[in-house]
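Each remark here refers to the structure printed beneath this line.
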Amino acid sequence: MTVQELPGAAAYRPTPPPAWKPITDPAPLLPDPEPYRVLGTDAVADVDPELLLRLHAELVRGRRYNTQATALTKQGRLAVYPSSTGQEACEIAAALVLEERDWLFPSYRDTLAAVARGLDPVEALTLLRGDRHTGYDPHEHRIAPLCTPLATQLPHAVGLAHAARIKGDDVVALAMVGDGGTSEGDFHEALNFAAVWKAPVVFLVQNNGFAISVPLAKQTAAPSLAHKAVGYGMPGRLVDGNDAAAVHQVLGEAVARARRGEGPTLIEAVTYRMDAHTNADDATRYRVDSEVEAWRAHDPVQLIERELTERGLLDDEGIERAKEAAESMAAALRDRMNADPELAPMDLFTHVYAEQTSQLREQAAALRAELDAEQDHEHSAEEGR
């Protein structure tokens, strides 16, 4: 017997309960149809010239950092390096927009953002070098560990931001992720919790076109990644990810909104990964040179340099000074990375558990015995000479 066949069914006209109705008007949450731009538009007149000059200097430094780190992989000094060449505007803007008390939650490709926030360039590469732990103290620098598993840093950012709000701390978390990370479950969980809790967190998606070799069109059929924000009840913003001034402005507005207690924002920065996914990747297998060259014409360093020179804020001497400062940084990084690290093997067992397990104590004792035996052998060899 169906519902329609039940006695009195014709008179049964249920009214959906109020809970079905949208909590939020979706219209204000929708992103603009085109990525927001500042450079080359009338909006650039409202940008502080000093900010433009600083963005330029950091972009030049960041580009050199990327090329130097990539070279270090070829020299065997780094195990792997995921270059952010072409995406420097996102990296620099994310670092500069935060206050000292705020937290940055980077992905594995966001080493440059950590350096621009003030982290020692060598410490930023320690994890990629294969050395112990993170390479730096996350709490000291307010930078979470560089996250290799896709999108797992996003729920962590939400948790920290929510906890800060409960404690009454004036803190914002900025979480960075690639377009590939938006296909992970952690992305959904983080955005859902952030919106429900109105957590002071900003999500920056660097849409660089590919999740390793998988193009965006094979990941989602959404109009844009920024449109996904509406489904969670937060604003979505679409910005030109190679326009440093635009990314800084959009991020700044989102950070200010979060700090006012108005909840999270999802920002999609449309950019492009000029280099391969990592030094272990062959990008020619899934994209053509003409595509890469087309994006070179929209290079973030060239965009801001052209704007500054046309406005008379930067001359050849200023450009050269920025390059010299970047080269000095690269030389120092190269020298320090070429020095073999002094490793302490027993540190393998430090910071694993607050109280070591019996297995760890057993393994530590075995390693200590091996080290002592090796030292005794070397000492005997020296005496026999």
Side-chain angles (χ1 to χ4, degrees), residues 53-96 98 100 104-148 176 178 206 208 244 271 273-281 299-302 304-305 318-344 347:
L53 287 168
R54 185 180 180 192
L55 287 170
H56 170 261
E58 291 291 345
L59 285 174
V60 173
R61 181 171 177 260
R63 176 63 55 85
R64 187 65 186 89
Y65 177 85
N66 273 320
T67 57
Q68 183 58 69
T70 299
L72 288 169
T73 64
K74 298 176 181 178
Q75 298 164 6
R77 288 296 179 180
L78 279 181
V80 65
Y81 183 69
S83 173
S84 59
T85 295
Q87 301 177 217
E88 291 96 344
C90 299
E91 304 281 311
I92 299 303
L96 298 189
L98 294 175
E100 185 176 349
L104 179 70
F105 283 79
S107 74
Y108 57 87
R109 196 177 299 281
D110 301 321
T111 313
L112 177 55
V115 172
R117 184 156 165 76
L119 184 63
D120 183 323
V122 172
E123 290 186 1
L125 293 174
T126 297
L127 181 68
L128 301 175
R129 195 179 193 180
D131 286 357
R132 62 181 181 87
H133 306 308
T134 303
Y136 56 90
D137 181 349
H139 190 269
E140 176 187 352
H141 299 282
R142 298 297 178 102
I143 303 171
L146 291 166
C147 189
T148 300
M176 305 177 72
Q206 296 179 80
N208 64 18
T271 183
R273 169 169 54 79
M274 301 301 297
D275 291 341
H277 176 69
T278 68
N279 52 293
D281 173 43
D299 181 278
V301 179
Q302 293 179 12
I304 197 166
E305 201 165 276
I319 293 173
E320 191 59 33
R321 279 198 304 270
K323 290 181 178 179
E324 289 175 357
E327 192 58 47
S328 177
M329 176 276 302
L333 174 62
R334 185 169 58 248
D335 290 344
R336 293 174 64 197
M337 290 294 292
N338 281 336
D340 291 330
E342 295 182 7
L343 302 179
D347 280 354

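Note: hydrogens, waters and symmetry copies are ignored here, and every other heavy atom, side chains too, is used. All values derive from a computational prediction rather than experimental measurement.
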Please walk me through it: do Gln68 and Leu125 pass side chain to side chain contact (heavy atoms under 4.5 Å, CB included)?
CA-CA 12 Å; Gln68 183 58 69; Leu125 293 174; over 6 Å; no

Non-hydrogen atoms of Gly62 and Leu112 that approach each other most closely
CA-CD1, 3.5 Å

Under the side chain to side chain contact (heavy atoms under 4.5 Å, CB included) criterion, do Arg63 and Leu59 qualify, and how do the steps go?
CA-CA 6 Å; Arg63 176 63 55 85; Leu59 285 174; over 6 Å; no

Any chance you could lay out the side chain to side chain contact (heavy atoms under 4.5 Å, CB included) test for Val115 and Glu91, step after step, and finish with the verdict?
CA-CA 9 Å; Val115 172; Glu91 304 281 311; over 6 Å; no

Hey, is the main chain of Tyr81 close enough, under 3.5 Å, to the side chain of Tyr108 for a donor-acceptor pair?
no

Do side-chain atoms of Arg129 reach the backbone of Met337 as a donor and acceptor pair under 3.5 angstrom?
yes

Given 3.5 Å as the limit, does a donor-acceptor pair link the side chain of Asp110 with the main chain of Ser107, or not?
yes

Of the non-hydrogen atoms in Leu78 and Ala69, which two are nearest, and what is the gap between them?
CD1-O, 3.5 Å

Nearest 0.5 Å please: distance from the CG atom of Leu55 over to the CD1 atom of Ile304.
4.5 Å

Could you measure the distance from the CG atom of Asn208 to the OG1 atom of Thr85? Nearest 0.5 Å is fine.
12.0 Å

Ignoring hydrogens and angles, write down the donor-acceptor pairs under 3.5 Å from the side chains of residues 321-333, residues two or more places apart or on other chains.
{"unit_1": "Arg321", "atom_1": "NH1", "unit_2": "Glu317", "atom_2": "OE2", "d": "3.3"}
{"unit_1": "Glu327", "atom_1": "OE1", "unit_2": "Arg64", "atom_2": "NE", "d": "2.9"}
{"unit_1": "Glu327", "atom_1": "OE2", "unit_2": "Arg64", "atom_2": "NH2", "d": "3.2"}

Run the salt bridge (Lys or Arg N to Asp or Glu O under 4.0 Å) test on Arg77 and Asp340 for me, step by step, so that the C-alpha distance in whole Å, both residues' side-chain angles and the decisive distance to 0.1 Å come before the verdict.
CA-CA 9 Å; Arg77 288 296 179 180; Asp340 291 330; 2.8 Å; yes

Is the closest side-chain heavy-atom distance between Thr271 and Pro300 below 4.5 Å?
no

Drop me the distance from Ile143's CD1 to Arg117's CZ, to the nearest 0.5 angstrom.
6.0 Å

Any idea which heavy atoms bring Ala93 and Ala244 closest together, and the distance?
CB-O, 4.2 Å

Are the side chain of Glu88 and the backbone of Gly86 linked by a donor-acceptor contact shorter than 3.5 Å?
yes

Working to the nearest 0.5 angstrom, can you tell me the gap between Met176 CE and Gln87 CD?
8.5 Å

With no hydrogens and no angle check, is any side-chain donor or acceptor of Ser84 less than 3.5 Å from a backbone partner on Thr111?
no

So do Asn279 and Val80 actually touch side chain to side chain, heavy atoms under 4.5 Å?
yes

Check whether more than 12 heavy atoms from other residues, nucleotides or ligands sit under 6.0 Å from atom CD of Glu100, and answer yes or no.
no

Residues two or more places apart in sequence or in another chain: which of them pass ring pair (Phe, Tyr, Trp, His ring centres under 6.0 Å) with His141?
none

Using every non-hydrogen atom in the two residues, find where Pro145 and Tyr136 come nearest and quote the distance to one decimal.
CA-OH, 3.4 Å

Shortest non-hydrogen contact from Leu98 to Leu104?
CD1-CB, 4.0 Å

Decide yes or no on side chain to side chain contact (heavy atoms under 4.5 Å, CB included) for Arg61 and Ile92, but give the supporting numbers first.
CA-CA 10 Å; Arg61 181 171 177 260; Ile92 299 303; over 6 Å; no

Would you give the length of the straight line joining atom CZ of Arg273 to atom CG of Asp281, rounded to the nearest 0.5 angstrom?
6.0 Å

With sequence neighbours excluded, residues passing side-chain contact (heavy atoms from CB on, under 4.5 Å) with Gln302
Asp299, Arg306

Rounded to the nearest 0.5 Å, how far apart are SG of Cys147 and CZ of Arg109?
13.5 Å

If you look at every heavy atom in Phe105 and Ala144, which pair is closest and at what distance?
CD2-CB, 3.4 Å

